[in-house]
Amino acid sequence: MITKAIAVMTSGGDSPGMNAAARAVVRTAISEGVKVYGIYNGYKGMLDDDIRELTSRSVSDLIQRGGTFLGTARCMEFKTPEGRQQGFQNLQKHGIEGLVIIGGDGSLTGGALLSKETGIPIVGIPGTIDNDVWGMDYTIGCDTAANTIVDAINKLRDTASAHRRIMVVEVMGHHSGWLAVTTAIAGGAEYVIVPEVKSDLKQICDDIVESYEKGKRYSIIVVAEGAGSGIEIGKKVEEITQIDTRVSVLGHIQRGGSPSVEDRMKASMLGEKAALALISGASNIVFGFNEGRVVSVNLFDAVNNTKTLDPELVRLARVLA
Ligand code: ADP
């Protein structure tokens, strides 16, 4: 069977580089002579039939933009088999024979269920700043987000040092400490608190007091939001250490911004791979990067397994603190 039309969508939390990936899918499909549709606003758009054909021009002037021109949304109805059937009917209406889904764990889980129930071929591309998709060590947007955080840590260090303060920096990551531990290493933070590893706050405080007694001028603690509220942790730290403490909750600034070269390059490569694979009849796979190389992972394996935090990173953060 020769594929005549595919679709591309972004779903779940947005991440810088999603545009570059969608652009690559669109331009690859067109260069292969295959029609390509954009599904707007994630699964919500699939259910509402917010589906439009895209041209090469539709994805002009996008590679440098964060966010996603296709929009994204959370859609509870898609979690029901009836919702997914309705979405599938809309795909059929447009003659769409396969789907590239750019999104995180939740979006890929939705895609796996859609494929299982309807048989529609799905190829996934991991798009999330959390870098928490199983079977790979990179997801689109994690590099830009990590750079944004490190830039903030650099600035916070200047002011913390001037005042001899402790600075608690809360970063994103409900279940994943990758962003926190990576930016703690790259930003030279003294401590990192992540959901995956038990931390002893009293011990951290005692260490800080000792280091201040020896003349240290500041201390930076990076906290992943899933490990506790930065504000609460800051209060406790100040109470225990009696050292002036400030908290910076970085929030949504971490999601935005122009994607880094790494995110643009990898997103472009994954977009091309995903489109070519789908067009040539592949299904139920996710393309990602692992140890610098493109890998393909079974979609069901990717969503049924949980990625764990690399203990080497945790160890390194401790050694270098
Ligand atoms: P992310 O893809 O970033 O992990 P979410 O977890 O919010 O983001 O998922 C995005 C969307 O994917 C949800 O709003 C929902 O429509 C769909 N989805 C998530 N989990 C499931 C699931 N278990 N079953 C079906 N659809 C799901």
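In each ligand, atom 1 is the first atom listed, and ligand 1 is the first ligand listed. Numbering starts at 1 and runs along the sequence shown.
A donor-acceptor pair is defined here as one N or O able to donate and one able to accept, closer than 3.5 Å; no such pair exists between the side chain of S176 and the backbone of D132. S280 contributes a side-chain N or O that, together with a main-chain N or O of A277, makes up a donor-acceptor pair within less than 3.5 Å.
Taking the ring axis of Y212 as reference, the NZ or CZ atom of K214 does not stay both within 45° of it and closer than 6.0 Å to the ring centre. A cation-pi arrangement is absent between R157 and Y218, since the terminal nitrogen or guanidinium carbon is not both under 6.0 Å from the aromatic centre and inside a 45° cone about the axis.
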>> Could you go through S258 and R264, starting from their C-alpha distance and side-chain angles, then the distance that decides it, and tell me whether this counts as side chain to side chain donor-acceptor pair (under 3.5 Å)?
In response: CA-CA 9 Å; S258 183; R264 294 183 200 194; 2.8 Å; yes
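For ligand 1, residues of the protein lying within 4.0 angstrom by heavy-atom distance are S11, G12, G13, Y43, R74, C75, F78, K79, R84, G104, D105, G106, S107, T109, G110, L113.
Taking each heavy atom of L313 and V181 in turn, the nearest pair found is O-CG2, 3.7 Å.
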